[in-house]
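Single-structure report; data block below.
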Amino acid sequence: MAIKFHESTKTFHLFNKEVSYLIHILDNGHLTNLYYGKALRDKEDFTYLYDTYTAVNLPICVPEPGSIKLNYTRQEYPVYGTGDYRTPALTIFQQNGSFVVDFKYASYEIYAGKREIKPLPSTYVESEDEATTLEITLHDEVMDTDLVLTYTIYENYPVITRNARFLHKGSESIVIDRAMSASVEFPDMDFEFTQLSGAWARERYVKNQKLEMGTHSIQSLMGTCSSGEQNPFVALKRPDATETQGEVYGFSFVYSGNFVAQAEVSTHDITRFMMGINPEGFSWKLEAGETFQTPEVVMVYSNEGLNKMSQTYHRLYRTRLVRGQWRDKSRPILLNNWEATYFDFDEEKLLKIAKKASEVGVELFVLDDGWFGARNDDYRGLGDWYVNLEKLPSGIAGLSKKVEELGIKFGLWVELEMVNKDSDLYRAHPDWILHVPGRFDSHQRHQYVLDFSRKEVVDYIYEMIAKILRESSISYIKWDMNRYMTEPYSVIANPCDQGRVMHKYILGVYDLYERLTSEFPEILFESCASGGTRFDPAMLYYAPQTWCSDDTDASERVKIQYGTSYVYPIVSMGSHVSAVPNHQLHRITPIETRAAVAYFGTFGYELDLNLLSDAEIETVKKQIKFMKAHRDLIQIDGDFYRLQSPFEKNEAAWMVVSQDKKEAVVGYYQKLNKVNGSWMRLKLQGLDSDTLYEVSYDISPIASYDAKIAEAYGAQVDDSTIRSYKAYGDELMYAGICIDREVLNKKGGDFSAIIFNVKAE
Ligand code: GLA
């Protein structure tokens, strides 16, 4: 059992081979954190790790005895108003107007396995021996409320998950204004705060900042989603930690709505980190007998740098967060018509694109926005989930059948949480949107947010979309969500319950996902929110992949996918080859580079293949063949290693290595080309030192390479395609592979890429 309670020292020890977490019950009944870090051998007494400050002149925690000064105590769940002047994990408003609470240790339970926290998504176990759980119950006598802190430690991962639950028993109602899912304190401030920040079309850039006294925080107030601005993830890393060595603590929030994550450093250098639902706009009233459950925080410890942290998240999320039939399967190569046609299509045009796609080896054709209601532009139609027969006379049922007759599967785009005012749905139910009567309704892309905090709204949308899914042959759904929330107010909620609306909205989204994925378990769901503005772990619980970004430029995608890989598995990243000039950046990159980036994701195309040259079509066929041969390795079996950051250099690189270390695929990318540049070496990782590998890479010029012009300028062009050599794993990892500038020239110079195959002899 990986959790022990040492009765004589009142200490809980959560530990496995890699990590230890120590909680001690203080004399006043509060919980203090003694240690969180690399695994320690278990013993009875760790209480010497409790630092006491007796000389300082601040209030002593009520009630007596002792000298416990909460402002200097590393607490498990700090509160406001009893001598701790830092940010609390909890504030509860009581009927006498007070916020003062005093939760004291009452009891504990340790059990094998891990329980669900429905209706919220969470990581899970498949058998009880995979994890052990500790639930510590604290009690506030005056309110008569229980607070249950839950900790699960996985047996084979350096992972501890946390959440908090309230059970109110008292006759007077209480209002929870703030309830973090986890609060963790460290005895020093020697950390950098690493976050994934950005905006639409440049999501999840890696940002790093040294902690200082005071508070550093990230948050979302977007309501409908975790946001493209800040991902619900933070790593606290030691300043000397790198990708491969040093201590890193990852915190990832399994939630899709408003969140806050912050590190507060006190003037005595204690770092308090907390993560939970954003208290802004949130309040939750509890009557006697009611409970409130916070979402889960997944904490990963690594003392082998950021890469190990990411690999842990990847494996845990891929196998114990994602569910359903697609969990362990590599993904179909798809073609999506959005950037090929936008709203301008009819059945004939779509079938022409689908036919070409099937000819080159694509396995799934996805019809994006524009197939329903009067949706010929983004001003109208959202909410009317029935087919536009003018565009598609044989309906979705007929079209899906015709696409399947071409030998490929059919998928469909939906945006179920939204409505345009110019729609039958809005005309029938104008009060179904979030809005404050008598005030202006803000829109984004001419659309409004349906009030998913109301069950009847979710029920109605469920019936509409389920009907189409039942009648047609649909293998894939892209579930989009293209705006942030404004005027978060539900016309049917009581004034004092408006603080529930944003959280209940997210629960409504989860409910709809749960119903649809249960009724249609064979459908592959991909979540999307204006690209990647709702790329969070909770979405992965329902939809095993997420459209990474609306920015499909290959060079920008290297940054976006690199940042995303801090937490999210490669197989979860929706990534497509799109047309050039790129529709977002107007940049031209070779089709080979676009594929070399998209290989490290779900892989697909988002263009009209009929518009490509013969040479490009041959290249596309080769790409699809390559992906089919390598997708099990890249998406399911392999471990991902970041080798060179695009945020630091002109060049970037990453690789995937199979579990048995017999095979690897390496992607190398450069932004601008250099003339007469210096030598470049790329050191690989994760290989077996003693194994002899063959390294091979395609050196043929790209499809759009103009050989004549190149020759006129003296560039070498030959037709030989594969260059290869043999080397042991230690050579490849410590001496590195040479990056050939001549090959980069042939691969297009600027924005070129090389894919290396590494295979054991
Ligand atoms: C969002 C998505 C795109 C596309 C459009 C359709 O922007 O991110 O991929 O589906 O909506 O309107």
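Note that ligands are numbered from 1 as they come in the structure, with each ligand's atoms numbered from 1 the same way. From a predicted model like this one, the values you see are computed outputs, not experimental measurements.
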Checklist entry - Just by distance, with hydrogens left out, do Trp371 and Asp368 show a side-chain donor and acceptor under 3.5 Å apart? => result no

Next on the checklist: Parallel, tilted or perpendicular, judged at 30° and 60°: which one describes the rings of Trp385 and Phe372?
Outcome noted: tilted

Next on the checklist: Which residue and atom name correspond to the protein heavy atom nearest atom 8 (O) of ligand 1, and how close is it?
Outcome noted: Asp550 OD1, 2.5 Å

Item to check | Partners meeting side-chain hydrogen bond (donor to acceptor under 3.5 Å, both in side chains) with Tyr599 (sequence neighbours left out) | outcome: none

Checklist entry - Is there a nitrogen or oxygen of Trp338 sitting under 3.5 Å from a nitrogen or oxygen of ligand 1? => result no

Checklist entry - At what distance is the nearest protein heavy atom to atom 9 (O) of ligand 1, and which residue and atom is it? => result Lys478 NZ, 2.7 Å

Checklist outcome for this item: Residue, atom and distance of the protein heavy atom nearest atom 12 (O) of ligand 1 read Asp369 OD2, 2.6 Å

Checklist entry - With a 4.0 Å cut-off on heavy atoms, is Met481 touching ligand 1? => result no

Item to check | Ring centre gap for Trp200 and Tyr484 strictly below 6.0 Å | outcome: no

Item to check | Proximity to ligand 1 by part of Gln447, non-hydrogen separation under 4.0 Å | outcome: neither

Next on the checklist: Please confirm whether the ring centroid of Tyr605 lies under 6.0 Å from the ring centroid of His576.
Outcome noted: no

Checklist outcome for this item: Here the atoms of ligand 1 under 4.0 Å from any heavy atom belonging to Trp547 are 8 (O), 9 (O)

Checklist entry - Where's the contact between Asn482 and ligand 1, heavy-atom distance under 4.0 Å: side chain, backbone, both or neither? => result side chain

Item to check | atom 1 (C) of ligand 1: the protein heavy-atom neighbour that sits closest, reported with distance to 0.1 Å | outcome: Asp480 OD2, 3.0 Å

Checklist entry - Which bit of Cys528 is near ligand 1, meaning a heavy atom under 4.0 Å away: side chain, backbone, both or neither? => result side chain

Checklist entry - Using the benzene-type ring in the case of Trp, are the ring centres of Tyr568 and Phe535 under 6.0 Å apart? => result yes

Checklist entry - Within the structure, does Arg375 bring an N/O atom to less than 3.5 angstrom of an N/O atom in ligand 1? => result no

Checklist entry - With only distance considered, is Gly531 within less than 3.5 Å of ligand 1 through an N or O on each side? => result yes

Checklist entry - Do the side chains of Lys628 and Glu363 get nearer than 4.5 Å, heavy atoms only? => result yes

Item to check | Among Tyr541, Tyr542, Tyr505, side chain to side chain contact (heavy atoms under 4.5 Å, CB included) partner for Tyr510 | outcome: Tyr542

Next on the checklist: Suppose we measure from atom 10 (O) of ligand 1 to each protein heavy atom; which comes out shortest, and what is that distance?
Outcome noted: Asp368 OD1, 2.6 Å

Next on the checklist: Do Trp654 and Gln561 pair up side chain to side chain, a donor and an acceptor below 3.5 Å, judged on atom types alone?
Outcome noted: no

